[in-house]
Amino acid sequence: MSSTGKVAIVTGAAQGLGKAFCDILLKNGAKVGLVDFNSELGQKTLAEFEQKYGQNRVMFVKCDVSNSKQLSAYKGIQCIDLYKQTFEAIKHKLGGLDIVINNAGVGGEMEDTWERTVDINVKGTIKGTMLGMELMRKDKGGNGGVIVNVASMAGINPNPCGPVYAATKSAIIMYSQSWSKNPELAQNGVRINVLAPAFADTALVKAMGDTNTMHAPAIARVIMQRVGIMTPETVAEALYELVDDQNKTGAILKIAQTTGKEYHTY
Ligand SMILES: NC(=O)C1=CN([C@@H]2O[C@H](COP(=O)(O)OP(=O)(O)OC[C@H]3O[C@@H](n4cnc5c(N)ncnc54)[C@H](O)[C@@H]3O)[C@@H](O)[C@H]2O)C=CC1
Ligand SMILES: CCCCC/C=C\C=C\C(=O)C/C=C\C/C=C\CCCC(=O)O
């Protein structure tokens, strides 16, 4: 099925998996709002997509998903919710909202990096889910839609390299699963699914040897050899299955290079 005329938001869209997710959505006819805190890379990716798909189907908004409330001096000092404004602006400019991919995520396990990992991977994803529900629920004026939260195989199978990262991914799996059990969501036309990839060839994985990223890098290399490394395009095809299949809600789709796709059940 195609996504022609649908509007999608993808966070962490400037590179890696997020960029591949935008590409598959655009290829299938959707309009896409790219969200990323890296403005330079976001603008570069936007220009690539405009060239490939035309100017009216894509936009970029700079936003840090971990830092939604910021002080603004506009009309007196007040607290503004930039994350909310970002989603609202995309819905307004592209003419609706049907698909939300909460993809922005980082690694970082050490004393000076672990809290940022929790803020981005957990709080950023929860807030993105809340905004998606708010803007897509039929009882709030939306047309229904689908949310896909990007977790990781590390949130399902324990590994010694990234306990904090694993905990954040496990948290968003259970957060998403819990919402999927609430009949209110289905009644209002919103589906929610989780994508749980193993390793893919992106900047995140290339940075894995950095000392502040993880523990036991030698063990990570062994795991990586066993499960293999996917292209972002392979992961994007799995993502699109969760978007496109109208019967899928509460699904957790695992994917690895050596074992392929498998729906996880408890
Ligand atoms: N690459 C892999 O092997 C796997 C990645 N994942 C998950 O997929 C998602 C994407 O990862 P990759 O593409 O590999 O990473 P990446 O590092 O290549 O790209 C991440 C993008 O997110 C953006 N970003 C990071 N923090 C942000 C924030 N606070 N606000 C807005 N944008 C932010 C970055 O600027 C970057 O453009 C992450 O959630 C990651 O945990 C899951 C399983 C495997
Ligand atoms: C593994 C922590 C690394 C910190 C973050 C950097 C990259 C993240 C990559 C992934 O999310 C890759 C996903 C899974 C790898 C970890 C364990 C999977 C175990 C697979 C198995 O046992 O079959």
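For this chain, numbers begin at 1 and follow the sequence in order. For ligands, and for the atoms within them, numbers begin at 1 and follow the listed sequence.
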Tell me which part of [X] gets within contact of ligand 1: side chain, backbone, both or neither, using heavy atoms under 4.0 Å.
X: Ala198; value: backbone
X: Met153; value: neither
X: Leu17; value: both

For [atom], the protein heavy atom that lies nearest, with its residue and separation:
atom: atom 22 (O) of ligand 2; result: Arg226 NH2, 3.3 Å
atom: atom 3 (C) of ligand 2; result: Met214 SD, 4.1 Å
atom: atom 21 (C) of ligand 1; result: Gly12 O, 3.6 Å
atom: atom 16 (P) of ligand 1; result: Gln15 NE2, 3.6 Å
atom: atom 15 (C) of ligand 2; result: Phe199 CZ, 3.3 Å
atom: atom 42 (C) of ligand 1; result: Ala151 O, 3.1 Å
atom: atom 14 (O) of ligand 1; result: Thr202 OG1, 2.5 Å
atom: atom 3 (O) of ligand 1; result: Ala200 N, 2.7 Å
atom: atom 30 (N) of ligand 1; result: Val65 N, 3.0 Å

Quiz item: Passes side-chain contact (heavy atoms from CB on, under 4.5 Å), Ile192 versus Thr249? Steps please.
Solution: CA-CA 5 Å; Ile192 182 164; Thr249 190; 4.3 Å; yes

Report, in ascending order of atom number, the atoms of ligand 1 lying under 4.0 Å from any heavy atom of [X].
X: Val205; result: 1 (N), 2 (C), 3 (O)
X: Ala203; result: 18 (O)
X: Cys63; result: 30 (N), 31 (C)
X: Asp64; result: 28 (C), 29 (N), 30 (N)
X: Ile120; result: 26 (N), 29 (N)
X: Lys169; result: 38 (C), 39 (O), 40 (C), 41 (O)

Which is closest to [atom] in terms of heavy atoms, [options]?
atom: atom 38 (C) of ligand 1; options: Asn103, Thr45, Val227; value: Asn103
atom: atom 26 (N) of ligand 1; options: Tyr83, Tyr165, Phe199, Phe37; value: Phe37
atom: atom 20 (C) of ligand 1; options: Ala207, Gly105, Gly16, Ala104; value: Gly105
atom: atom 15 (O) of ligand 1; options: Leu204, Thr11, Leu41; value: Leu204
atom: atom 36 (C) of ligand 1; options: Asp36, Val235, Val10; value: Asp36
atom: atom 23 (O) of ligand 2; options: Thr202, Val150, Leu17, Asn157; value: Asn157

Exercise. Would you check, one step at a time, whether the test side-chain contact (heavy atoms from CB on, under 4.5 Å) holds for Leu94 with Met59?
Key: CA-CA 8 Å; Leu94 296 182; Met59 65 184 281; 3.8 Å; yes

Check for me whether [X] has a heavy atom closer than 4.0 Å to any atom of ligand 2.
X: Ala220; result: no
X: Ala200; result: no
X: Lys169; result: no

[X] [atom1]: over 12 foreign heavy atoms closer than 6.0 Å:
X: Gln85; atom1: CD; value: yes
X: Asp112; atom1: CG; value: yes
X: Lys254; atom1: NZ; value: yes
X: Lys248; atom1: NZ; value: yes

Practice problem: Answer yes or no: is there a donor N or O on one side and an acceptor on the other, between the side chain of Asn188 and the main chain of Asp139, under 3.5 Å? | Solution: yes

Can you list the atoms of ligand 2 that are under 4.0 Å from a heavy atom of [X]?
X: Pro197; result: 13 (C)
X: Met208; result: 6 (C), 7 (C)
X: Ser152; result: 10 (C), 11 (O), 12 (C), 13 (C), 14 (C)
X: Leu204; result: 6 (C), 7 (C), 8 (C)
X: Asn159; result: 1 (C), 16 (C), 17 (C)

Do any heavy atoms of [X] fall under 4.0 Å from ligand 1?
X: Pro197; result: yes
X: Pro232; result: no
X: Ala154; result: no

Quiz item: Can you check side-chain contact (heavy atoms from CB on, under 4.5 Å) on Asn193 and Leu253, steps first, answer last?
Solution: CA-CA 8 Å; Asn193 292 314; Leu253 181 52; over 6 Å; no

Output the distance between atom [atom1] ([X]) and atom [atom2] ([Y]), rounded to the nearest 0.5 Å.
X: Asn102; Y: Leu195; atom1: CG; atom2: CG; answer: 12.0 Å
X: Leu97; Y: Ile90; atom1: CG; atom2: CD1; answer: 8.5 Å
X: Gln187; Y: Asn182; atom1: CD; atom2: CG; answer: 8.0 Å

[X] with [Y], same ILVMFWY side-chain cluster at under 4.5 Å:
X: Val243; Y: Ile172; value: no
X: Leu239; Y: Phe49; value: yes
X: Leu34; Y: Val148; value: yes
X: Val122; Y: Ile147; value: yes

Self-check item: side-chain contact (heavy atoms from CB on, under 4.5 Å) assessment of Ile229 paired with Gln257
Solution: CA-CA 6 Å; Ile229 302 182; Gln257 182 63 27; 5.8 Å; no

Self-check item: Minimum heavy-atom distance between Leu17 and Pro197, given as atom pair plus value
Solution: CD1-CG, 4.5 Å

Quiz prompt | Ion pair check, Glu241 and Lys261, cut-off under 4.0 Å | solution = yes

Quiz prompt | Cationic N near anionic O, under 4.0 Å, Lys52 to Glu48 | solution = no

Self-check item: Face-on cation placement of Lys27 at Tyr240 ring, 6.0 Å and 45° thresholds
Solution: no

